[in-house]
Each structure stands twice: as structure tokens, then as C-alpha cells.
2 protein chains.
Amino acid sequence: MSTPGRGLHGHVLDSLGPAITGGEYPPGSVLRTDELAQHFEVSRSVMREAVRVLESMHLVESRRRVGVIVRPKCEWNVYDPQVIRWRLAGADRPHQLRSLTVLRSAVEPVAAGLAARHATAGQCAELTECALGMVANSRGHQLEGYLIHDMAFHRVILTASGNEMFARLGDVVAEVLAGRTHHEVMFEDPDPAAVTLHVQVAEAVREGDAARAEELTRQITVGALQELDILAP
Amino acid sequence: MSTPGRGLHGHVLDSLGPAITGGEYPPGSVLRTDELAQHFEVSRSVMREAVRVLESMHLVESRRRVGVIVRPKCEWNVYDPQVIRWRLAGADRPHQLRSLTVLRSAVEPVAAGLAARHATAGQCAELTECALGMVANSRGHQLEGYLIHDMAFHRVILTASGNEMFARLGDVVAEVLAGRTHHEVMFEDPDPAAVTLHVQVAEAVREGDAARAEELTRQITVGALQELDILAP
DNA sequence: CGAGGGAAAAAGTCAGACTTATATGTCACA
DNA sequence: TGTGACATATAAGTCTGACTTTTTCCCTCG
């Protein structure tokens with residue numbers, strides 16, 4: 001996704017980033033630039049660039065005479081797509097997935113409501129197409145086809161909301177959905193009720209019924225929460 | 001806030017970052033590392049580190065034989081606190097403020113609901129203290145005192161939600177609230193109804209009434225939307 | 001036992017040379 | 001005249017070595 005391993009410092013990040021987010025270097029750990037440069041067999045310049053990037057993600061802090069210190073998790077830029085990807089690929093995956101699903105449950109209903117007001121005719125058409133694609137792939141173990149349309153559906157909703165910050169969550173939601181299909185338990189066909197809800201959301205957006213689009217999407221996200229046993233007692 | 005101007009490359013970022021987010025270099029603009037290094041009177045190494053950071057924020061893309069290209073706004077990492085700060089400080093401010101307020105309206109109610117379930121006794125106490133502070137400063141043009149307690153209130157709610165992604169929005173919300181007091185029109189004392197709502201939210205959280213905390217917080221955020229003329233017709 | 005000063009360590013900075021990828025222009029050939 | 005291969009120029013990428021600066025730690029001295 002996006003820009004992988006661009007240049008040497010990119011390769012270093014692909015190794016070091018996941019190692020940090022994965023807890024291999026616990027918060028408070030002190031790394032030294034020279035050692036890292038030797039370990040990754042790159043020059044200090046390249047290593048320094050990599051450290052700068054990690055620093056901009058608030059994963060580490062560089063201090064003179066001390067070294068590169070791993071920051072506590074609560075200070076990380078957890079919205080950085082790169083950080084999210086690293087965490088989803090590592091031991092933190094279940095925790096990250098729960099956080100993101102809760103975020104979805106907050107954002108997506110509101111986004112759907114806004115989409116009902118702001119969506120262009122083209123976006124409405126896209127949405128309907130996605131929903132139909134989901135229906136068409138909802139039976140007979142066509143999980144991949146279903147996933148593609150599901151991801152596209154949510155991406156269109158978030159984009160059509162007209163809010164740039166919602167729109168940028170498209171990639172994240174896509175990755176959560178992909179994770180559910182690929183890594184988590186998903187042997188059977190998708191829940192027919194969920195499929196119907198998507199179709200109805202597309203309808204509501206097309207008709208400009210914001211309240212209905214929001215409520216229906218809320219039901220979708222409640223389903224996602226229940227899948228992860230995030231209850232509402 | 002956080003880590004300003006750390007080192008030479010930090011100073012470069014403080015100039016170049018706002019220039020890019022402020023539209024001084026429109027998307028598609030091509031910058032050259034050597035020129036920039038001369039302009040900022042730093043070595044190429046330092047300039048390269050700065051470019052790497054901008055690249056990790058998806059503000060620019062570095063291509064061989066071409067230069068450093070400014071990416072279109074829709075690709076920026078708009079959740080990066082640094083980017084948010086730069087945009088809030090520039091011409092993009094009103095737009096950014098609206099985006100963030102819409103985000104708040106999605107996130108904060110859900111966060112309050114979760115806080116009602118997960119808040120510790122200490123957090124409940126903090127919350128009550130903040131609400132009382134708001135009441136105490138709600139009359140007689142004590143805007144600064146009111147602001148401090150308001151920011152703290154929302155930060156506690158977001159933290160107490162137990163969701164790391166919500167918690168990291170504390171800084172952002174604080175900056176939005178501060179902006180409203182300092183930059184936008186805020187001559188009079190705060191709306192008494194808003195003050196009451198905060199007190200009631202604190203109550204609801206203390207009593208573990210998630211639905212009520214959520215609904216009351218939704219009313220608070222609706223007020224924030226109305227202040228910016230973001231209607232719901 | 002505390003304050004002050006010195007030494008060491010690691011990041012920070014700089015300059016210069018070299019490598020690599022790639023956009024672009026040129027020229028021959030169809 | 002159009003098209004493809006090839007040469008060239010360019011700017012980023014990389015490496016190395018020397019030097020500076022800050023900050024911690026420790027040792028001495030009062």
C-alpha cells in the first residue's frame with residue numbers, strides 16, 4: 001500500500017518500525033545510531049534519516065549524549081497509516097483492530113449522514129454498484145469478491161462525506177475489513193443482514209435521507225463491534 | 001506544544017512545513033534539495049532529513065532526476081499533529097477548524113459513552129473538578145480560566161474512553177477549543193446551556209450512564225457545529 | 001556530603017566525492 | 001514524418017571522515 005521501501009532508509013524503516021511497534025524494543029529502550037547503522041549495513045546518513053522519520057511519528061526521541069529512546073506507546077502517532085500498518089502486521093494486531101473498529105463505530109455513521117447530504121450523483125451510482133456487488137458475492141464462498149466491494153463501499157461513503165479527515169480513514173477501514181477476511185475467522189458467507197443493511201444505506205444516501213443513512217450505518221458498525229466481542233451491556 | 005524546533009532540521013521544518021500546508025508551494029510544485037539547503041543555510045544532510053520528515057507526512061514525494069514534489073492535499077497525513085498545527089496556523093485555518101469540529105461531533109459522544117463504562121474513580125473526580133471549574137469561570141469574562149477547564153474536561157473524557165485513538169485526539173480538541181477562544185469571536189461569557197451540559201456529562205459518567213453521557217455530549221458537539229454554521233437541515 | 005568542574009560519549013553538523021536512476025533530447029532508420 | 005534506440009545531463013541517493021555541541025557522569029575538592 002502507498003510507498004514501500006523507497007530507498008535504503010525505507011528498507012531500514014520496514015525492519016525497525018515493526019520492531020518498535022511490535023514491542024521488540026520496549027518503551028525506554030535506548031538505541032544508538034552508529035550501532036543501528038552497522039546492524040543494517042547502511043551509512044550513518046541513511047540511518048539518521050530513518051531515525052528522523054521514526055521521530056516524526058513520535059515512536060522515538062533522539063537525545064544528545066544518550067541515544068535514540070523508544071517512547072511510550074501512548075505518545076505514538078497512532079493515526080499514521082504507516083504505524084497502523086506496522087501494528088496490524090505485528091503482535092499488537094488484535095488490540096489495534098479493536099481500537100480501529102471502535103473508531104469506525106464513531107466515524108462511519110456520521111460520515112454516512114454527511115454523505116447523504118453531499119454525495120454527487122456519480123458517488124451514489126458507485127455506492128449502488130458496490131452494494132450490488134456485495135449482494136452478488138454474498139453466497140457461495142466468494143469472500144474475495146465480497147471483500148473488494150465491501151472495501152469500496154466504505155471508502156465511497158467516507159469520501160462522499162466531504163470531510164477530508166473522514167476520507168483519509170478509507171485506507172484504514174479497508175485494511176480492517178481485509179484483515180477480518182484474511183486473518184480472523186471468516187469461514188462462512190457474510191451475514192445476510194449486514195448485506196441488506198449496505199443496500200439500504202446506499203438507498204438512503206441516494207434519497208438524501210441523512211438520519212436513516214446514519215442509523216443504518218450505526219447498525220453495521222454495531223455488527224462489527226459484536227464480531228470482536230465488544231459488548232454494550 | 002510537544003517538540004518544537006529540535007535541531008537544525010526542526011527549524012527548517014518550522015518554515016517549510018507551514019509554507020507547504022499554507023499553499024505557498026501548490027501541489028505539483030517541484031523543489032530542489034540543494035536550492036532549499038542554500039536558502040535555509042544548512043547542509044544537504046540536514047535538508048535531506050527535513051525532506052524525509054515531510055515525505056513521511058505525505059506532504060511531498062522525492063523523485064530522482066526530478067526533485068521534491070508537493071503532493072495534492074488529499075494525500076496529506078491530515079491526522080499528524082504537526083500538520084494539524086501548521087494548517088491551524090495558516091490560511092487553511094477555517095477549513096481545518098470545520099473538519100476537526102465535524103470529527104469531534106463523531107468521536108466525542110462515543111468516547112463519552114465509553115468513558116461512562118470505563119472511567120476510574122480518579123477520572124470521575126477529575127471530570128467533576130473540571131466541570132466545577134467551568135462553572136466557576138463561566139461569568140465575568142474569565143475566558144482563560146474557563147478555557148483551561150474546558151480543555152481538561154474533554155481531554156479526560158477522551159482518555160477515560162480507554163481507546164488509544166480517541167485519547168490521542170485530546171491535543172487536537174484542546175487546540176480547537178483554544179482557537180475558538182483566542183482567534184474566533186468569543187466576546188461574551190460562554191453559553192450557560194453548554195456549561196450545564198458539561199456538568200451533566202460529568203454526572204452521567206460518574207453514574208455509569210453511558211447512553212445519557214453520549215446523548216449529552218452529542219448536544220455539546222451540536223453546539224460546536226452550530227457555532228461554525230455547520231447546519232443540519 | 002554536596003557543589004563544581006572536567007572528561008567522555010553520542011548525537012548533530014558539515015563538506016566533498018561518488019553512484020544511480022531517469023527524464024529528455026538526439027539521431028538514425030523506416 | 002514518425003518512431004525507436006541510444007547518449008547525456010541532472011538531481012537525488014549514498015558513503016566517508018572530520019569536526020562541533022550538548023549533556024551526562026564522575027571525580028575531586030571544599
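At least one donor-acceptor pair under 3.5 Å links the side chain of B:Arg168 to the backbone N or O of A:Trp76. At least one donor-acceptor pair closer than 3.5 Å links the side chain of A:Gln123 to the backbone N or O of A:Thr120. For A:Ser161 (side chain) and A:Leu158 (main-chain N/O), a donor-acceptor pair under 3.5 Å exists by modelled atom type.
Using a 4.0 Å heavy-atom distance criterion, A:Arg63 is classed as a sugar-phosphate-only contact. Among the protein residues, B:Ser62 comes within range of the sugar-phosphate backbone only, with heavy atoms under 4.0 Å from sugar or phosphate atoms but none that close to a base. If you check every strand for non-hydrogen atoms under 4.0 Å, B:Val66 touches sugar and phosphate atoms only.
Here D:dA12 presents its C1' atom at 13 Å from CD of B:Glu61, a figure rounded to the nearest Å. A straight line from CZ of A:Arg48 to P of D:dC15 spans 15 Å, rounded to a whole angstrom. To the nearest angstrom, C1' of D:dT14 lies 17 Å from CZ of A:Phe40. Regarding B:Gln38, its CD atom lies at a distance of 14 Å from the C1' atom of D:dA11, rounded to whole Å. Between the P atom of D:dG13 and the CZ atom of B:Arg32 lies a distance of 14 Å, rounded to the nearest Å.
The salt bridge (Lys or Arg N to Asp or Glu O under 4.0 Å) check on B:Glu55 picks up B:Arg52, with sequence neighbours excluded.
Running 5' to 3' along DNA chain C, contacts with non-hydrogen atoms of chain A at under 4.0 Å begin and end at C:dA8 to C:dT13.
Counted by atom type alone, A:Glu164 and B:Ser99 present one or more donor-acceptor pairs between their side chains at under 3.5 Å. Donor-acceptor pairing under 3.5 Å is recorded for the side chains of B:Arg206 and B:Thr128. Side chain to side chain, A:His9 and B:Glu49 fail the donor-acceptor criterion of an N or O pair below 3.5 Å. Judged purely by distance below 3.5 Å, without hydrogens or angles, the side chains of A:Arg98 and B:Asn163 never pair a donor atom with an acceptor atom.
Each of A:Glu49 and A:Arg65 was assigned the nucleotide of DNA chain D with the nearest heavy atom; the assignment lying further toward the 5' end belongs to A:Glu49. Residue whose closest nucleotide on DNA chain D sits further toward the 5' end, between B:Leu31 and A:Val46: B:Leu31.
A salt bridge does not link B:Lys73 to B:Glu75: none of the charged side-chain nitrogens sits closer than 4.0 Å to a carboxylate oxygen.
Taking only side-chain atoms of B:Arg64, from C-beta outward, the nucleotide of D:dG13, D:dC15, D:dA9 with the closest atom is D:dG13.
When the local axes at the two ends of the helix from C:dC1-D:dG30 to C:dA30-D:dT1 are compared, using 5 base pairs at each end, they differ in direction by 10° after rounding to 10°.
Considering only side-chain N and O atoms, A:Arg44 lies nowhere under 4.0 angstrom from the phosphate OP1 or OP2 of D:dG17.
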